Number of protein chains: 2
Amino acid sequence: MTTDNTTKVDREINANLEAVRPDDLRLEKFLPYRLSVLSNRVSNAIAQAYGARFDLTIPAWRVMAILGRFPNLSAADLVEQTAMDKVAISRAVSILLKNDYITRSEDLADRRRQVLNLSELGRDVYERIVPLAQQYENDLMGSLSDEERKQLDSIIEKLMSRAQDWANRGLMD
Amino acid sequence: MTTDNTTKVDREINANLEAVRPDDLRLEKFLPYRLSVLSNRVSNAIAQAYGARFDLTIPAWRVMAILGRFPNLSAADLVEQTAMDKVAISRAVSILLKNDYITRSEDLADRRRQVLNLSELGRDVYERIVPLAQQYENDLMGSLSDEERKQLDSIIEKLMSRAQDWANRGLMD
DNA sequence: TAAGATTGGTTTCAAATGTAACCACTGCCG
DNA sequence: CGGCAGTGGTTACATTTGAAACCAATCTTA
């Protein structure tokens, strides 16, 4: 699917290599580093907010967030939706089952599949967490202007797709 | 990649056709989630690039990056500089010592402190990784215009300081 | 100057995460 | 049918990570 592009990307990268002097790296200006710090701060803060209250891990909460919008998904569907992997989903699901936040039922048409849904209790919790999560996001976004929000949205999209390319093409092989 | 399987497609359509409730959380637009996915993609790609070659973890590389610019730091100084915690630093340092990438010497004035520096070998590796790291960053940034880069820089600054406030003040109490 | 409080740093233990192997079922092709 | 490749999902194991306990040296203060 993507094999034909690898060499091209490599060449671009190599070209950049020549241009860059072995200068010092200023970690505090290095985008990957900044992204990581920012993301950790944000995620940890929010995870604490609902994790403590509802005994949810981040992956578990993500599964709930998806099931809240899209009922009747299988674990495989969740993998697709969340960009999390099989195992993470499986574990999240088992936490949610233990907490009675979701229900699981066999798919008669394909007995390997198991269809997941929020339970009564789960929807309840979901509906309490959503505003909480949104409040955090609003607070974050509140530090930006409308203009900046749009910019951020489109910038993230671009960065994401670039980073995705790396993953697909195995950049430095 | 897979054959067009009618039943599977049908299932997706069924799931997606369920009405989206007005107040649902749209995970794929939720900033904390997007930041997390983006940051993981980027970090993993880069970590693979130098991790494989030089047997370095991300924290270890961060420590090297700081020591490359600022010699004679103690572990505590590194904590301050990197926003990583004590334990992470300690482990990173022990990896780097094992690899002979750094040296450690007692501070005679305060015998609890141990002063760290890149070794010859370490500086060597450092000087090879820096361009590699920069080249990834350039590649990422290459997907943005100059304008966007400035915007991103200032947006991250704002978000960061907001998230920092959370940590300090405990937001939703 | 001795007791407690603090600081630098490491160790220990539990939880979180990733990778690979694995079972059960389905779908395909002879 | 019967075998075998592919899929959905879980389990097992190894590694990473974080929290808290810990040791040793230093600072404080009475």
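Computed from a predicted structure; not experimentally measured. Below, read A as the first sequence line, B as the second, and so on, with proteins coming before strands; counting in each chain starts at 1.
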Using atom [atom1] of [X] as one end and atom [atom2] of [N] as the other, report the distance to the nearest whole Å.
| X | N | atom1 | atom2 | result |
| --- | --- | --- | --- | --- |
| B:Gln48 | C:dG18 | CD | C1' | 12 Å |
| A:Lys86 | C:dA24 | NZ | C1' | 12 Å |
| A:Arg113 | D:dG9 | CZ | P | 7 Å |
| B:Gln114 | D:dT26 | CD | C1' | 15 Å |
| B:Arg62 | D:dT17 | CZ | C1' | 13 Å |
| B:Asn44 | C:dG18 | CG | P | 8 Å |

What donor-acceptor contacts under 3.5 angstrom involve side-chain atoms of residues 106-116 of chain B, with partners at least two apart or in another chain?
from	atom 1	to	atom 2	distance (Å)
B:Asp107	OD1	B:Ala109	N	2.8
B:Asp107	OD1	B:Asp110	N	3.4
B:Asp107	OD2	B:Arg113	NH1	2.9
B:Asp110	OD1	B:Arg112	N	3.0
B:Asp110	OD1	B:Arg112	NE	3.2
B:Asp110	OD2	B:Arg112	NH2	3.0
B:Arg113	NH2	B:Asp77	OD2	3.0
B:Gln114	OE1	B:Arg104	NH1	3.2

Those residues that, when tested against B:Arg41, pass side chain to side chain contact (heavy atoms under 4.5 Å, CB included) (two or more places apart): A:Met160, A:Ala163, A:Gln164, B:Val37

Strictly below 4.0 Å, heavy-atom distances to any atom of DNA chain C: list the hits from residues 87-108 of chain B, or just say none.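 Within this stretch, B:Val87, B:Ser90, B:Arg91, B:Arg104 sit under 4.0 Å of the strand.
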
Not counting sequence neighbours, which residues clear ring pair (Phe, Tyr, Trp, His ring centres under 6.0 Å) with B:Phe54? List them please.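 Applying ring pair (Phe, Tyr, Trp, His ring centres under 6.0 Å) to B:Phe54 gives none.
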
Under the ring pair (Phe, Tyr, Trp, His ring centres under 6.0 Å) test, which residues partner B:Phe30, sequence neighbours left out?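 Applying ring pair (Phe, Tyr, Trp, His ring centres under 6.0 Å) to B:Phe30 gives none.
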
Could you tell me which non-hydrogen atom of A:Tyr50 sits nearest to which non-hydrogen atom of A:Leu132, and how far apart they are? CB-CD2, 4.3 Å

B:Asp55: partners by side-chain hydrogen bond (donor to acceptor under 3.5 Å, both in side chains), with sequence neighbours left out: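 B:Asp55 satisfies side-chain hydrogen bond (donor to acceptor under 3.5 Å, both in side chains) with no residue once adjacent residues are dropped.
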
Identify, with sequence neighbours excluded, every residue that meets side-chain hydrogen bond (donor to acceptor under 3.5 Å, both in side chains) alongside A:Asn117. A:Asn72

Once you apply a heavy-atom cut-off of 4.0 Å, does A:Asp85 come out as touching a base, just sugar-phosphate, or nothing?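 Answer is base: heavy atoms of A:Asp85 come under 4.0 Å of a base.
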
Report the residues that fulfil salt bridge (charged side-chain N to carboxylate O under 4.0 Å, His left out) with B:Glu148, sequence neighbours left out, ordered by chain and then residue number.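 Checked B:Glu148 against salt bridge (charged side-chain N to carboxylate O under 4.0 Å, His left out); matches are A:Lys158.
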
Extract from the structure each pairing of a protein N or O with an N or O of nucleotides 23-25 of chain D at less than 3.5 Å, listing the distance.
from	atom 1	to	atom 2	distance (Å)
D:dA25	N3	B:Arg112	NH1	3.4

